[in-house]
Protein chains: 2
Amino acid sequence: MRTRATAYPIWNRFTPKAGSRLSMREQLVRFFRQGVADGTLQAGIRLPASRVLAAELKLSRITVSGAYEQLIAEGFLEARQGSGTYVAAHAAGPARAPAPGGSASIASAASARNTAPRPPAAAPASTPGSQRARCLRGPDSMSMAQAAWPLTPGLPALDAFPYALWGRLDGRFWRRHPAPDLSYGEPQGLLALRVALAEYLGAARGVVCRPHNIIIAPGAQAAIAIAALALTDAGDSVWVENPGYDAAYRSLVLSGVTAVGIRVDDAGLDVEDGRRRAPEARLALVSPSHQYPLGVTMSLERRLALLQWADEANAFILEDDYDSEFRHEGAPTPALKALDARNGRVIYIGTLSKLLAPGLRLGYLVVPDELVEVLQTVRNGTDHRVPASIQATAAEFIGNGHLGAHIRRTRALYGERRAALLEALREAGEARFSVTHAATGLHLLAHLPGRVDDLALAAAARAHRIGVTPLSAYRVGPGASASRGLLMGFGNTRPEAIRAAVRTLCGLYPDAG
Amino acid sequence: MRTRATAYPIWNRFTPKAGSRLSMREQLVRFFRQGVADGTLQAGIRLPASRVLAAELKLSRITVSGAYEQLIAEGFLEARQGSGTYVAAHAAGPARAPAPGGSASIASAASARNTAPRPPAAAPASTPGSQRARCLRGPDSMSMAQAAWPLTPGLPALDAFPYALWGRLDGRFWRRHPAPDLSYGEPQGLLALRVALAEYLGAARGVVCRPHNIIIAPGAQAAIAIAALALTDAGDSVWVENPGYDAAYRSLVLSGVTAVGIRVDDAGLDVEDGRRRAPEARLALVSPSHQYPLGVTMSLERRLALLQWADEANAFILEDDYDSEFRHEGAPTPALKALDARNGRVIYIGTLSKLLAPGLRLGYLVVPDELVEVLQTVRNGTDHRVPASIQATAAEFIGNGHLGAHIRRTRALYGERRAALLEALREAGEARFSVTHAATGLHLLAHLPGRVDDLALAAAARAHRIGVTPLSAYRVGPGASASRGLLMGFGNTRPEAIRAAVRTLCGLYPDAG
């Protein structure tokens, strides 16, 4: 039997139940038994030493080793001399079918973010589920982001999240017995939150809007899904950046549109390429401030060309502005939305996932007057509502100036982490990792020489629990650029861990051996 | 200028900011100014007397009257001698276009839940937005449920929500600095919550499942949207109950399927009618424990016939089990899912909206093994993820037995409220309101004589801030039954308010004057 580390240390999720009549040992036994039955703890996974787990869970070592012994006696675990405790082979949970298709399996091993912007894998017709759902097979990117792995893109500094303050504001919400808020909520989301966001957006992003123009959603991906359903019909074409953001692509596929990959160069989305490939598109999804994944900023010329196309084609633009608050070099780039005061062509999408944490599930759309009603209607039709406590706490947090303070504090932190990563990559040599666009955000793209297979290198890295993802995985369709690279997130990784991870990456490099 | 009460008392949402440098009066001024700019406070709305508002917001009367005076000086409000303070005519926010089509306007006046199960209103082609979104025009039901109005259906006892306990558990979550939980979360939702739900479902609903079979979603409507995308393709037929649950209908329309209304009688959904109308349907959405809105329980014979059809047609059944924990008379009805241990035809949908509160946005699906992967993939594609704090707190709440205790406590409460409503309706006379199926849940249906227009009566009631909704609004298509009735929720209304509301309804009855 193969022995391996688990990508998902579920034991950190064990929470002793204070009011329970079960002993702590029995609670731990049930927890592990459940994990095995559940398939979360698969055969061959090595458990931490009882001493380590006891320290981590703040339990006595006797409790943990007692639980291990019982689980070994029950056949769920097995002890191997001098090596440790493992999930037993025959105790495995439900078999998980591998993703269909050879390339999907490579991708699955290679990366947690490597899935969507590829042509749909051909699933066998016997697989249950709709055609549209089968187009999404393969591991899901965001759900598999590993918070504990260094260099995972897409995560802010979870170690710097203001736990105490947020918990205090949240506690205030519950203490005021907010009965009316615990109904289904206002049709566009909590007014107090929309007021706070409107103030913030004007000051921070040059986006002048009223609370009436804001619609709350549980994240940027949800916001994209809502906009696609509200502004396109099934079969319509939508411009997406190529390479582009895979989670957005998944939303679009489910909405039934045809996502057409448009070229991206150093000035951002190539509007002429879009006019050639899909002149009749109804929608263009762009990340002008910090293109995902290439990192480029869209030029003013291109912005104006994009707005002009939208006007001519009677189409709309979705601006995904996910992390532009963190501008490390050069002048701040205003939002595309700020150029569109008159015509109402741009729907701006913001999120707190990168400013605070994805686990809050809080994003929003800023919508021209005449589109408010239709987007609100769709939001409530798809049930993309956000819990009252999250909205109210965020309203307090933003409205009282804590968001601004948090951004200032983390900007300094990200400056250090970014500098550590750039320095480590420089030491590794530009022939291995060359960085071109790293002025903004929480990740950068390290280009690789053409001979290096980024899928394979990312797979090797992930086997060593390093969260980098391969550029090749973000391609839309087969005709895309052949450039290779690794996406490296520095938001949630401390400098020393960044340096260690880059050293490991160098050891895994094809020319290292 | 027309003078009217607002349906939406936004001033209850005013929350003083503790850390703010603004005076309380200035905060109140800004809040109202924003409401006017926002369009939430429309011209002609009468504000509460300063004395009343001061009491409600726990502010001094001087603060409130000072704020009113300033707003009057600024032109946002106007005082009318002997009559009160109103939003000024010229201060109005953005004009809201009325819903297109005559019938939609009637519906809009008549009811907050009167929208979806009607043929799509023909919107003018110039209205922005997709065809599929325009099919949903009209007021959205759940978003407009008025927690403060007596007899509003769809709401549990928000006055009995365990605020202190929930706040304490939630505080514990933030205090343990749950960094890994604040990433994108596990692909099916938090394991601890799924473990707790699996235990609960086995004990409370006879649904035996493993945590592996549970997928967390932000509510039952979201769960229906996920299942529809995962199990059907655009253009497929889906059976829905006629009359049926309007929010579900909205989800289905957006997923691109054809929702076919199937007859419901005293034994529940008429399977033979389904076989006639849409034998090739891929999915049937049913509420067997407590049909919404008629209240009937599906007979065992019909349950078996439905399962047999699904087997023959290779179709799936969505069981919406939203409030069956509250069985007031007769033997408890097991879930349909409990009959389907072998074949895996039933996807069970549960929610905490009726057990605790809709504002938590917490529901889930229980899914046969072979469908887990595709439903999980769709959930993450549509970004129907749930915030970490909500999931973790619910896991604690359910796992430590608090949910069971809360259900026992509220069952007694609902028993009293239900008895008060039945008694008040009996006093009003069976010739006016006749009740047939009221054994389960938090609302009942009062049938009206055929000559009474339920849309008009509900409209009159809502003008008096009584939240009843008309049965006619839940019809799917024009061919449905002609019976008339009012849905009356007793979950969130105290006995004395129930009695007063029924007295008011009697006064509004066509034969009253």
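Proteins get letters first, then strands, A, B, ... in listed order; numbering begins at 1 in each.
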So which part of B/Leu190 gets closer than 4.5 Å to some heavy atom of chain A, the side chain, the backbone, both or neither?
->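 Only the side chain of B/Leu190 comes within 4.5 Å of chain A.
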Residue, of A/Gly401, A/Ala217, A/Ser255, A/Pro156, that accumulates the most heavy atom pairs under 4.5 Å with chain B = A/Ser255
Most heavy-atom pairs under 4.5 Å with chain B, out of A/Pro178, A/Ala220, A/Ala228, belong to A/Pro178
So do B/Pro218 and A/Pro218 actually touch side chain to side chain, heavy atoms under 4.5 Å?
->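 Result no, sub-4.5 Å side-chain heavy-atom pair not found.
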Are A/Arg361 and B/Asp383 ion-paired here, with the side-chain N under 4.0 Å from a carboxylate O?
->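 Yes, A/Arg361 and B/Asp383 are salt-bridged.
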Which value, rounded to the nearest 0.5 Å, describes the distance between B/Thr377 atom OG1 and A/Leu254 atom CG?
-> 9.5 Å
Interface moiety of B/Gln131 toward chain A, non-hydrogen atoms closer than 4.5 Å =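 Both the backbone and the side chain of B/Gln131 come within 4.5 Å of chain A.
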From CZ (A/Arg385) to NE2 (B/His384), nearest 0.5 Å =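 Nearest 0.5 Å value for the CZ-NE2 distance: 9.5 Å.
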Approximate separation, where rounding is to 0.5 Å, of A/Leu136 CG and B/Glu373 CD = 11.0 Å
Using non-hydrogen atoms only, which part of A/Arg175 is less than 4.5 Å away from chain B: side chain, backbone, both, or neither?
->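 No part of it gets close to chain B.
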Selection from B/Leu158, B/Leu371, B/Asp233 maximising heavy-atom pairs under 4.5 Å formed with chain A =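 The answer is B/Asp233.
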Kindly compute the distance separating OG (B/Ser353) from OH (A/Tyr184), expressed to the nearest 0.5 Å.
->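 It is 5.0 Å, given to the nearest 0.5 Å.
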So which part of B/Val253 gets closer than 4.5 Å to some heavy atom of chain A, the side chain, the backbone, both or neither?
->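 No part of B/Val253 comes within 4.5 Å of chain A.
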Chain B interface, residue from A/Ala357, A/Ala147, A/Ala179 that has the most non-hydrogen pairs under 4.5 Å | A/Ala179
Contact origin within B/Arg172 toward chain A - heavy atom pairs under 4.5 Å |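 Contact with chain A is through the side chain of B/Arg172 alone.
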Under a 4.5 Å heavy-atom cut-off, does chain A meet the side chain of B/Leu360, its backbone, both or neither?
->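 Both parts, heavy atoms under 4.5 Å.
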A/Arg250-B/Thr382 side chain donor-acceptor pair, cut-off 3.5 Å = no
Most contacts with chain A, counted as non-hydrogen pairs under 4.5 angstrom, among B/Gly171, B/Ala388, B/Pro387 |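 Among B/Gly171, B/Ala388, B/Pro387, the one with the most close pairs to chain A is B/Pro387.
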When A/Val378, A/Leu231, A/Asp170, A/Leu155 are compared by non-hydrogen pairs under 4.5 Å with chain B, the top option =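 Most heavy-atom pairs within the cutoff with chain B belong to A/Asp170.
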Toward chain A, the part of B/Ile390 with a non-hydrogen atom under 4.5 Å = side chain
Can you check side-chain hydrogen bond (donor to acceptor under 3.5 Å, both in side chains) on B/Thr232 and A/Arg132, steps first, answer last?
-> CA-CA 8 Å; B/Thr232 67; A/Arg132 52 189 174 192; 3.0 Å; yes
For each of A/Val195, A/Leu252, A/Val372, tally heavy-atom pairs with chain B at distances under 4.5 Å, and name the one with the top tally.
->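 Most pairs with chain B among the choices: A/Val195.
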Option in A/Ala230, A/Ala248, A/Gly399, A/Gly256 with maximal non-hydrogen atom pairs under 4.5 Å from chain B |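 Greatest number of close heavy-atom pairs with chain B: A/Ala230.
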Could you tell me if the ring centre of A/Phe161 sits under 6.0 Å from that of B/Trp174?
-> yes
Could you go step by step and tell me if A/Ser130 and B/Leu229 meet the side-chain contact (heavy atoms from CB on, under 4.5 Å) rule?
-> CA-CA 7 Å; A/Ser130 60; B/Leu229 286 169; 5.7 Å; no
Can you tell me if B/Glu370 uses its side chain to pair, donor with acceptor, with the backbone of A/Pro128 under 3.5 Å?
->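 Judged by distance alone, no pair lies under 3.5 Å.
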B/Asp181 portion near chain A, given a 4.5 angstrom heavy-atom threshold =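 Both the backbone and the side chain of B/Asp181 come within 4.5 Å of chain A.
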